[in-house]
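For reference, the structure is listed below as structure tokens.
To find a chain, count down the sequence lines: A is the first, B the second, and so on, and within it residues start at 1. Note that this is a predicted model, so its numbers are computed, not measured. Keep in mind that the numbers below use all heavy atoms, side chains included, and drop hydrogens, waters and symmetry copies.
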Amino acid sequence: MTARASQLFLPTLREDPADAEATSHKLLVRGGYIRQLSAGVFTFLPLGWRVHERVVQIVREEMDAIGGQEMLAPVLTPAELWATSGRDSSPEIFRLQDRTGRAFVLPMTHEETFTWHARELRSYRELPQIWYHFQTKERDEPRPRGGLLRVREFIMKDSYSFDRDEEGLDRSFRLHAGAYDRIFERCGLEVHAVQAESGMMGGKESVDYLAPSGSGENTLVTCERGDYAADLEIALGVPRAAEFPQRLDAPQEVATPGATTIEALAESLQLDPAATSKAMPVVRTDGTLVLALVRGDDRLSETKLLGVLGTGFRPATEEEILSSFGAGGGSLGPVGCSPEVVADEALREGQFVAGANRDGWHLRGVEAGRDYDPRFADIRESRAGDACPRCGGALRFGTAIEVGHIFKFGTRYSEPLGATFLDEDGSERPIVGGSYGIGPARTMAAVIEQRYGEAGMTWPSALAPYAVHVVALPGLEGAAEELAGALEAAGHAVLLDDRSLRAGEKFADADLIGCPARVIVGRKTLEDGAVDLIARLTGTQERVQSDRVVARVAEVL
RNA sequence: CGGGACGUGGCGCAGCCUGGUAGCGCACCUGCUUUGGGAGCAGGGGGCCGCCGGUUCGAAUCCGGCCGUCCCGACCA
């Protein structure tokens, strides 16, 4: 098909919108792909919707290829369904009532709904099933940001697998993992599949698909040699070795007046900060105090500590610290303290300087096992300078955006909702499920984040709104139209810029919009029976005889 | 929810400090010229200055409240 720019709603902007920060946000707005209606709520304009639907179609094809069955579940969802699963307390869900006061939610995922339908699966003979849909999701984000990167309303492909047992679930899970690899590959997007938290609602295995990008919410940790990738929240870096001073047979008090920070402490004792320890007192939801201990140069990972403690926690208050330790926040240590001590693995070997639980004093030569008896766990946040846990290579850190997430929820939803089936032996069992999400809009934003040029986007052919952008220079609309027709006949989606604008404006718009092939029909070359062809992906420009354009375009796409 | 900033024609901004009824660039409309990288000249249209209240003879400007938007943080199936 051919779209005429003169009739298309394609409002391009010369300048960056004032409220955009992320590159993808700026370019999508400037290029006339999207417009914001409210914080985190966007309209897809004709170009943006075309790209979105191209991502959708790729996802659809790959889902169908693993046996997925497309359907459509509603947005409006009775709140009691969510009450049954216990998720109705989530602060993120939008709630509303109908005129009679009946409560509904606008959900951000559809585990409940699909599992509810899965109750119609009665026999093991009907399993496994993979169901999916593309549906609008609502999420009362406390803070939308970055254009399409984090929004309050978005379309998501979510699929749900239903199996008779863990083995089957594992098969469905791996089918999805394969499909996701192919989807992102086809979209030209670099992603890393990393182990993830499955969250409070989750089950066991959980994999995030993180796409490196200039803006994002996640920090992706990768090994320079490519054998390790993880989300920072759970990344296992190997910290550098500390330089320890002379070994001591017993802890020794040392006056450290005013040294309440690691920097000040290391400075005043002329020590490697890595040879000190840092104590963070926290209070669990049940009220018990725990002392989390990490190496002086490390940061405590709250996510990891949460996993270790198994309950929520908050930092202890000044008063709680004083009454339990008899000293202020900067002088705490594990020796002789009453709360349980959870120490990071990095503190297992060696002698560290620790707070003496006495303001203005520290202890030298504190040794785990000898001077205090901690519970060891990995609770440090990985950081620059760490080595890869697999091969020892250097770790790299970069921002990334989560474009997909797959996880096994097991019987988390089938049990409360009563989705059971009769197995071969006649026993009634809960269906074993998995949940698999992918955000097409995030995917398109991530693609832009990964590949843009000075003047605009550079779409891969698989996602471009149009394959060929035919620029008609003034007076040559007829010739351009003819060429557009030929390209269309060859099966290409064509954008014909037939507007009566100056060449420079058309070129600038074409740069912005970023179609993979551009053909310029102008007097200069047409006299020689030729046009100029620019292949956006390679940036090359060539002069092509008119009768060979169609063939040549096919080659550069 | 904490911290910071902003809100003035469609877009990007100035004016606010030091009150006197609004301006610039781009875009838009008409005409002429121009036409391979965001043209020139001439003429023209368009703004409850986010909203409400207060101070004042007089408020875009000062004060208070609210709303909206963005950034950092908290939060995040």
- Any donor-acceptor N/O pair under 3.5 Å between B:rC76 base and A:R150 side chain: yes
- Could you tell me the separation between the NE2 atom of A:H25 and the P atom of B:rC71, rounded to a whole number of Å? 8 Å
- Query: Ignoring hydrogens and angles, are the base of B:rG68 and the side chain of A:S38 linked by a donor-acceptor pair under 3.5 Å?
  - Reply: no
- Item | Same-atom distance (P) from B:rC32 to B:rC51, integer angstrom | 41 Å
- Message: Counting only side-chain heavy atoms from C-beta out, which of B:rC13, B:rG37, B:rC71 sits nearest to A:E21?
- Response: B:rC71
- Task: Starting at atom CD of A:Q36, determine the distance to atom C1' of B:rC11, rounded to an integer number of angstrom.
- Result: 15 Å
- Looking only at atom P, what distance separates B:rC75 and B:rA5, rounded to whole Å? 24 Å
- Task: Kindly point out which of B:rU69, B:rG12, B:rG36 is positioned nearest to the side chain of A:K524?
- Result: B:rG36
- Message: Please give the distance between the C1' atoms of B:rC17 and B:rC63 as a whole number of Å.
- Response: 15 Å
- Message: Could you identify the nucleotide paired to B:rG36, looking across every strand shown and requiring Watson-Crick or G-U wobble geometry with both distances under 3.5 Å?
- Response: none
- Message: At 4.0 Å (heavy atoms only), tell me whether A:E111 reaches a base, stays on the sugar-phosphate, or touches nothing.
- Response: base
Hey, what are the protein-to-nucleotides 1-10 of chain B N/O distances that come in under 3.5 Å?
none

- Task: Describe, in one word, how the ring planes of A:F162 and A:Y160 are oriented to each other, choosing from parallel (under 30°), tilted (30 to 60°) and perpendicular (over 60°).
- Result: parallel
- Task: Determine, for A:E320 against A:R314, whether the closest basic-nitrogen to carboxylate-oxygen distance falls under 4.0 angstrom.
- Result: yes
- Query: Salt bridge or not for A:E111 and A:R87, using N-O below 4.0 Å?
  - Reply: yes
- Mate of B:rA77 across any strand shown (Watson-Crick or G-U wobble, both atom pairs under 3.5 Å) is none
- Return the 5'-most residue of the pair A:G146, A:Q541 with respect to RNA chain B, ranking by each residue's nearest nucleotide. A:Q541
- Message: By nearest heavy atom, map A:E302 and A:A39 onto RNA chain B; which one lands nearer the 5' end?
- Response: A:A39
- Nearest to side-chain heavy atoms of A:P474, which nucleotide of B:rU35, B:rA77, B:rU69: B:rU35
- Message: So, does A:S90 get its side chain near the phosphate of B:rC76, meaning an N or O under 4.0 Å from OP1 or OP2?
- Response: no
- Pairwise C1' distance, B:rA59 and B:rA22 [rounded to whole Å]: 13 Å
- In terms of side-chain geometry, is the basic nitrogen of A:D170 or A:K408 positioned less than 4.0 Å from the acidic oxygen of its partner? yes
- Compare the minimum distances between each of B:rG36, B:rA77, B:rG73 and the side chain of A:F407, then state the nucleotide with the smallest one. B:rA77
- Task: Show your reasoning for whether ring-ring contact (aromatic ring centres under 6.0 Å, His included) applies to A:F114 and A:H133.
- Result: CA-CA 10 Å; A:F114 276 84; A:H133 72 343; 4.8 Å; yes
- Describe the nucleic acid contact of A:G147 in one word from base, sugar-phosphate, nothing, applying a heavy-atom distance below 4.0 Å. nothing
- How far, in whole Å, is B:rG46 from B:rC6 if one measures between their C1' atoms? 25 Å
- Tell me the partner of B:rG45, counting only Watson-Crick (N1-N3 plus N6-O4 or O6-N4) or G-U wobble (N1-O2 and O6-N3) with both under 3.5 Å; none if nothing fits. none
- Message: Taking the basic N atoms (NZ, or NE/NH1/NH2) and the acidic carboxylate oxygens, is any pair closer than 4.0 Å for A:R95 and A:D140?
- Response: no
- Item | Check against side-chain contact (heavy atoms from CB on, under 4.5 Å), A:R171 and A:E166 | CA-CA 9 Å; A:R171 198 176 311 119; A:E166 285 292 332; over 6 Å; no
- Please give, in whole Å, the distance from B:rC11 P to A:L45 CG? 14 Å
- Message: Would the distance check show the side chain of A:S85 and the main-chain N or O of A:W82 forming a donor-acceptor pair, the cut-off being under 3.5 Å?
- Response: yes
- Gap between atoms CD and C1', on A:E402 and B:rC76 respectively (whole Å): 10 Å
- Whole angstrom value for the distance that separates C1' of B:rC76 from CG of A:L149: 15 Å
- For the atom pair OG (A:S24) and CG (A:L148), what is the distance rounded to the nearest 0.5 Å? 7.0 Å
- Message: Does A:E92 reach a base, just sugar-phosphate, or nothing at all? Heavy atoms under 4.0 Å.
- Response: sugar-phosphate
- Note on the structure: Against the side chain of A:T525, the closest entry in B:rG37, B:rA77, B:rG36 is B:rG36
- Message: I'd like the P distance from B:rC1 over to B:rG15, given in whole Å.
- Response: 32 Å
- What is the base-pairing partner of B:rG9, counting Watson-Crick and G-U wobble geometry with both distances under 3.5 Å? none
- Task: Assess whether one donor atom and one acceptor atom, taken from the side chain of A:D532 and the base of B:rG36, lie less than 3.5 Å apart.
- Result: yes
- Message: Just by distance, no angles: are the side chains of A:D509 and A:T12 close enough, under 3.5 Å, to form a donor-acceptor pair?
- Response: yes
- Item | Atom pair distance, as rounded to whole Å: CD in A:E217 and C1' in B:rC71 | 13 Å
- Do any N or O atoms from the side chain of A:R119 and from the backbone of A:W116 form a donor-acceptor pair under 3.5 angstrom? yes
- Query: Is the backbone of A:R299 close enough, under 3.5 Å, to the side chain of A:E381 for a donor and an acceptor to pair up by distance?
  - Reply: no
- Nearest-angstrom distance, C1' atom, B:rA60 to B:rC48: 12 Å
- Separation of B:rG36 P from A:R543 CZ (nearest whole Å): 14 Å
- Ignoring hydrogens and angles, state whether a donor on the side chain of A:S159 or A:H176 is under 3.5 Å from an acceptor on the partner side chain. yes
- Atom pair distance, as rounded to whole Å: CG in A:D19 and C1' in B:rC72: 17 Å
- Message: Using the side-chain heavy atoms of A:E15, tell me which of these nucleotides is nearest: B:rC71, B:rG37, B:rC11.
- Response: B:rC11
- Once you apply the 3.5 Å cut-off to both distances, tell me the Watson-Crick or G-U wobble partner of B:rU55, or none. none
- Using Watson-Crick or G-U wobble geometry with both distances below 3.5 Å, tell me the partner of B:rC70, or none. B:rG4
- Nearest-neighbour nucleotide for the A:S435 side chain, B:rU35, B:rA77, B:rA74 considered: B:rA77
Any protein N or O atoms within reach of nucleotides 38-49 of chain B? Criterion: under 3.5 Å, listing atom names and distances.
from, atom 1, to, atom 2, distance (Å)
B:rG38, O2', A:R14, NH1, 2.8
B:rG38, O2', A:R14, NH2, 3.2
B:rA39, OP2, A:R502, NE, 2.8
B:rA39, N9, A:R502, NH1, 3.2
B:rA39, N7, A:R502, NH1, 3.1

- Atom P, compared across B:rU56 and B:rU61: separation rounded to whole Å: 16 Å
